[in-house]
Amino acid sequence: MMKEECKECEEIHRQGLQSQPPKLTSAGKTVLAVGAGAAALIYGLTVPFLLPGFRKICLPFVPATEQQITNVIRCLRGRSGSIVDLGSGDGRILFSIMKQNVSKDSSLNISTADGVELNSWLVWYSKFTKWRLRNVIPRQSMNFYKRDIFKTDLRHYDNIVVFGVESLMVELEQKFKTELKNDGLIIACRFPLPNWKPVMEKGEGIDKVWSYDIFSSK
Ligand SMILES: C[S@@+](CC[C@H](N)C(=O)[O-])C[C@H]1O[C@@H](n2cnc3c(N)ncnc32)[C@H](O)[C@@H]1O
Ligand SMILES: *[C@@H]1O[C@H](CO)[C@@H](O)[C@H](O)[C@H]1NC(C)=O
Ligand SMILES: *[C@@H]1O[C@H](CO)[C@@H](O)[C@H](O)[C@H]1NC(C)=O
């Protein structure tokens, strides 16, 4: 039964397997392996109960590839203000953006980065990483919330990044239409918005990202 409901899981996993995992220190590998195990366990235990809240959309934790993150940052060049990652996982996209933002030759001007994530363990792990990077990234510029994407008010955000699945993108399109600021930017990873016309496309295959503004929804 789960299998049937979860063709998105299968699709995203199949594609995820073809991607190169990012390089990690051995300490990082251990922490992540333990974390991934715990996350998988928590996910397995909670998903059957959460499915109605998920609106039957099953979106597993598949981390963004390094190339995907590079493409996201390319789309963000020249952008200012806040950013939110919808389904932020272990926070890697936001940490890369903020590290890039503090580097001297950056063309980014991001003031705050928020992560919204349903899985408590991943939220905790993101907060831990934020603490670990406290000497690199200003602490008050990043926040992680255990929250449903669909219960998150997007009106305060200048930039939105999301790595979802096809069925999620269909539902999000409507939400973006009503909540996105006039000068807001959406960056979609791996799965594009079904009806909007992208203003920018970066990368190929599973690493591809698309960016959109409110005018491309018209
Ligand atoms: C494909 S992963 C992407 C993780 C991260 N953005 C990255 O690119 O590395 C999607 C994440 O969304 C989370 N998620 C799924 N449904 C959600 C929902 N309704 N609200 C918040 N997070 C959700 C999952 O737990 C998972 O961590
Ligand atoms: C950076 O962003 C702030 C608002 O967050 C804005 O006031 C400022 O002009 C921006 N600077 C540049 C160089 O774009
Ligand atoms: C991001 O970069 C801009 C431009 O260099 C800088 O003004 C801003 O303080 C940085 N944001 C954070 C949170 O460090």
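Just so you know, ligand 1 is whichever comes first in the structure, and atom 1 is the first atom listed for that ligand. Values reported hereafter were calculated over all heavy atoms of this structure, with side chains retained and with hydrogens, waters and symmetry mates removed.
- The shortest N/O to N/O separation between Ile149 and ligand 1 falls below 3.5 Å.
- Within a 4.0 Å radius of atom 7 (O) of ligand 2, the protein contributes no non-hydrogen atoms.
- Protein heavy atom at the shortest distance from atom 2 (O) of ligand 3 is Asn101 ND2, 2.5 Å.
- If you look at Asp85 next to ligand 1, the close heavy atoms, those under 4.0 Å, all belong to the side chain.
- Near Arg92, meaning under 4.0 Å from one of its heavy atoms, ligand 1 places the atoms 9 (O).
- Which of Ala64, Gly115, Cys189 comes nearest to atom 9 (O) of ligand 1 through a heavy atom is settled by distance: it is Ala64.
- Proximity of a side-chain donor or acceptor of Asp90 to a complementary backbone N or O of Leu122 within less than 3.5 Å is not detected.
- Of the possible donor and acceptor atoms, one in the side chain of Thr65 sits under 3.5 Å from a partner among the backbone N and O of Gln68.
- A salt bridge links Lys208 with Glu201: at least one charged nitrogen is closer than 4.0 Å to a carboxylate oxygen.
- A distance-only check finds a donor-acceptor pair linking the side chain of Asn159 to the backbone of Ser80 [under 3.5 Å].
- Distances between N or O atoms of Ile110 and those of ligand 3 include at least one value under 3.5 Å.
- The shortest separation from a heavy atom of Pro60 to ligand 1 is under 4.0 Å, placing the residue in contact.
- A salt bridge is defined here as a Lys NZ or Arg NE, NH1 or NH2 lying under 4.0 Å from an Asp or Glu carboxylate O, and Asp183 with Lys181 fails to meet this definition.
- The residue from Lys151, Arg147, Glu117 that puts a heavy atom closest to atom 13 (C) of ligand 1 is Glu117.
- The ligand atoms of ligand 3 that sit less than 4.0 angstrom from a heavy atom of Pro138 are 14 (O).
- Scanning Asn109, Asp158, Thr112 for the heavy atom closest to atom 1 (C) of ligand 2 points to Asn109.
- For the ligand labelled ligand 3, residue Met142 lies outside the 4.0 Å heavy-atom shell.
- The shortest N/O to N/O separation between Asp148 and ligand 1 falls below 3.5 Å.
- Between Ser111 and ligand 3, not a single N/O pair is under 3.5 Å apart.
- When only interatomic distances are considered, the shortest N/O to N/O separation between Asp90 and ligand 1 does not fall below 3.5 Å.
- A distance of 6.0 Å separates NZ in Lys177 from CD in Gln174, rounded to the nearest 0.5 Å.
- Within the 4.5 Å cutoff, no side-chain heavy atoms of Arg79 are placed close to those of Leu108.
- Under the 4.0 Å distance rule, the nearest protein heavy atom to atom 4 (C) of ligand 2 falls outside the cut-off.
- Close contacts of ligand 1 with Pro63, meaning ligand atoms under 4.0 Å from a residue heavy atom, involve 9 (O).
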